[in-house]
Visitor: 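First the structure, then my questions, so here it is.
All heavy atoms count here, side chains included; hydrogens, waters and symmetry mates do not. All values derive from a computational prediction rather than experimental measurement. So that the names make sense, note that chain A is the first sequence line, chain B the second, and so on, each numbered from 1.
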2 protein chains.
Amino acid sequence: MAIGIKEIARLAGVSTATVSRALSQPARVSPETRAQVMAVVEQHDYRANSFARSLRVRRADAVLALVPNLGNPFFSEIIAGIQEGLAPAGIDLLVTDSLSQQVRRQSPVGHLQAARADGLICLDGGLPAEVLDELAASDVAGRVVFACEWPEGRHFTTVRSDNRAGMALAVQHLAALGHRRFALLTGPAGNVLTQERRQGAVAALAAAGLSLPPEAIAGGSFEIRDGYRAAGALMRCAERPTAILCASDQLAIGCISGLSELGIRVPEDVSVVGFDDIALAAYSRPPLTTIRQDRRRLGRSAAERLLDSLAGRPAAEPLTTLPVEIVVRRSTAPAPGRG
Amino acid sequence: MAIGIKEIARLAGVSTATVSRALSQPARVSPETRAQVMAVVEQHDYRANSFARSLRVRRADAVLALVPNLGNPFFSEIIAGIQEGLAPAGIDLLVTDSLSQQVRRQSPVGHLQAARADGLICLDGGLPAEVLDELAASDVAGRVVFACEWPEGRHFTTVRSDNRAGMALAVQHLAALGHRRFALLTGPAGNVLTQERRQGAVAALAAAGLSLPPEAIAGGSFEIRDGYRAAGALMRCAERPTAILCASDQLAIGCISGLSELGIRVPEDVSVVGFDDIALAAYSRPPLTTIRQDRRRLGRSAAERLLDSLAGRPAAEPLTTLPVEIVVRRSTAPAPGRG
DNA sequence: TTGAAAGCGCTACCAA
DNA sequence: TTGGTAGCGCTTTCAA
């Protein structure tokens, strides 16, 4: 068992109160006593038991991140950002998977109720209504922020990328290259990002006097595999598209892979634009034109917002929208016949 | 503030001891009392304060995962596996970045000392010697397991993939295709995986009567970028290799990208084999032949080993080596001139 | 089967 | 500036 404060106090010849103060409010202890205490502390490598401390101060100094799927590499950069935002404040990061939580029928609110975490950063916009109701309860709502995704029709503090603007950027780039027949590879049905990005695409298309026929919409997840599968469906359209907007880089890479199996060249025959700018995007063949969203910053902002909120300084505006930019690489080219 | 055990006891008309028992040892409470207590518990959605509990039972019910770089998607699958191994036992997962830890000069042992975590799963084999010494201390060593990477010359419990066998598989596959001139793209200098995989390659090459000239070794990290850069260097070898073994899929994808810039075709001119089998490997152009290591299982095993060890049943053998397999896709082909 | 009460290790109040 | 001490919320012994 590790050494305790009583033993440190005994060895330093002071009271436990003084040891505690020497550690957390050094200014309130005379320099000599402090030195004396610190010597013993360092000698024994003493660290205050965090549970006793948390119990007393009623603070966990930990935050829980609820991730839809921990195994999905898309989230790793966001998690790194969260950690980056938390670390300076000395706050620990707990992570859990909303899939496994649901299997075990545990609410993430349990962690807050058990005082195990001070706050919650939720990367899953698709939580069941019961859970959202719990999260919206007055004593909890101030301790949760959504990042990346968010639940619709609710009013949680949220940090997100400008998904609509991103799609608009993609449409404008493609339209400028002379493309007129567009297709869209969407994410999972019901996902907010799917909706935002679709609406962004439709609006930007309309602004360019273009439209998106229903048969030119495919997808159904953000995964590579679905991009691969959808490629075939899209190419069977009566009016074959020359430009494909994808709701994720994974979809785009899968789609290009599928197109290539069909003997269709990117970007000569068809242009493809991704979304996210994952690390591999620059090195896929061809290097992917995509919409970059700063996932690390997304995580960092979410952490900072949560910390502010926990410290009693909630932001005036519950919604933070981070800018995105288009990164033009080589998966897009002038529309065929307009080279 | 959340409701406490005293209030529940009062409302249920029993003592706090009975509430506690009803919750954690239901068999030791009469059915009527239990029902009575549970009714109040559910009505108020009561959850025992985890700190008070941990303080009393001297157990955190949490484990810390120390990851070299949380933002690296390679680790996400391992983390998912850890979580998967921990969840059935109701153990929480804390994550931290060894980079940021080092910047802040905090030892991960601090979490154990502060009783904040019961154990540590370390994915970083390159920790500084001081930290390793701390981890090797008798009261700590039984609570740490290394996964994926491990520190050399130490005797920690470790779960890893069979890196040497993996490279041997790659060499055998390529040799069978008639390749005689090999190159190797290695990971970071000093990394165990770099060494194991290099040794595996050299040994398997030797067994086939082949060797690896020093100029045919390049790399220096597991990152895509370095694969891309190394492609040029490798192609400048006097004896240009026809087969490139890569220590990671990222290196392989970067390398193929670099080769393609140079007008070198994969697999017609050069065959490339990766290592890991990341999700994108199957969809890169060309689909990557690679060595699959089961990262999720790696994480799960590590979690299970740690849990066993914490429960006082340490495994007899400190080293667990998981099998790997080769996945042949289309980045490898018969050596040129042997079609 | 149940309750009273000690005490886990710490912080913060109050008094000296 | 320092020490004594109550008490954070829970579990667990001991006795009834």
Visitor: Looking at B/R53 and B/D61, is there a salt bridge between them, counting it only when a charged N and a carboxylate O are closer than 4.0 Å?
Guide: yes

Visitor: Classify A/T16 by what it touches in the nucleic acid, base, sugar-phosphate, or nothing, heavy-atom distance under 4.0 Å.
Guide: base

Visitor: Check side-chain hydrogen bond (donor to acceptor under 3.5 Å, both in side chains) between B/R28 and all other residues, then give those that pass, not counting sequence neighbours.
Guide: none

Visitor: Could you give the NZ-to-C1' distance, from A/K6 to D/dT5, as a whole number of Å?
Guide: 12 Å

Visitor: Is any side-chain N of the basic residue among B/R154 and B/D133 closer than 4.0 Å to the acidic one's carboxylate O?
Guide: yes

Visitor: Are side-chain heavy atoms of B/L94 and B/V63 found at a separation under 4.5 Å?
Guide: no

Visitor: Measure CZ/B/R59 against P/D/dT11 and give the value in whole Å, please.
Guide: 11 Å

Visitor: At under 4.0 Å, does any side-chain N or O of B/Y46 touch on OP1 or OP2 of D/dG9?
Guide: no

Visitor: Are side-chain heavy atoms of B/E196 and B/R160 found at a separation under 4.5 Å?
Guide: yes

Visitor: If you assign each of B/L55 and B/A17 to its closest nucleotide in DNA chain D, which residue comes earlier from the 5' end?
Guide: B/L55

Visitor: Could you check how far CZ of A/R53 sits from P of C/dA12, rounded to whole Å?
Guide: 7 Å

Visitor: Expressed as a whole number of angstroms, how long is the span from A/I3:CD1 to C/dC10:C1'?
Guide: 15 Å

Visitor: For the pair made of CD in A/Q25 and C1' in C/dA12, what is the distance, rounded to whole Å?
Guide: 8 Å

Visitor: Quantify the bending of the helix from C/dT1-D/dA16 to C/dA16-D/dT1 as the angle between its end axes, each fitted on five pairs, to 10°.
Guide: 40°

Visitor: Would you classify B/S20 as touching base, sugar-phosphate or nothing, given that sugar-phosphate means primed atoms plus P, OP1 and OP2, and contacts are heavy atoms under 4.0 Å?
Guide: base

Visitor: What integer distance in Å separates A/I5:CD1 from D/dC8:C1'?
Guide: 15 Å

Visitor: When we call it a touch if two heavy atoms are under 4.0 Å apart, what does B/T33 touch: a base, just sugar-phosphate, or nothing?
Guide: sugar-phosphate

Visitor: Report yes if a side-chain nitrogen or oxygen of B/R58 is closer than 4.0 Å to either non-bridging phosphate oxygen (OP1 or OP2) of C/dG9; otherwise report no.
Guide: yes

Visitor: Establish, yes or no, whether the cationic atom of A/R295 lies under 6.0 Å from the six-membered ring centre of A/F74 and within 45° of the ring axis.
Guide: yes

Visitor: Send over the distance from A/E32 CD to D/dT2 C1', rounded to a whole Å.
Guide: 13 Å

Visitor: Would you check if B/S301 and B/L322 make a side-chain contact, meaning some heavy-atom pair closer than 4.5 Å?
Guide: yes

Visitor: Provide, to the nearest angstrom, the distance between the CG atom belonging to A/N49 and the P atom belonging to C/dC8.
Guide: 12 Å

Visitor: Using a distance-only criterion (donor-acceptor N/O pair, under 3.5 Å, no hydrogens), is the base of C/dG9 paired with the side chain of B/R56?
Guide: no

Visitor: For B/A48, answer base if it contacts any base atom (sugar-phosphate contacts may also be present), sugar-phosphate if it contacts only those atoms, and nothing otherwise; contact means non-hydrogen atoms under 4.0 Å.
Guide: sugar-phosphate

Visitor: Give a yes/no answer on whether the side chain of A/T18 brings an N or O atom under 4.0 Å of OP1 or OP2 in D/dG3.
Guide: yes

Visitor: Counting only side-chain N and O atoms of A/S54, is one of them less than 4.0 Å from OP1 or OP2 of D/dC8?
Guide: no

Visitor: Take B/A52 and B/R21, find for each the nucleotide of DNA chain C with the closest heavy atom, and name the residue whose nucleotide sits nearer the 5' end.
Guide: B/R21

Visitor: Ion pair present between B/D92 and A/R116, side-chain N to carboxylate O less than 4.0 angstrom?
Guide: yes

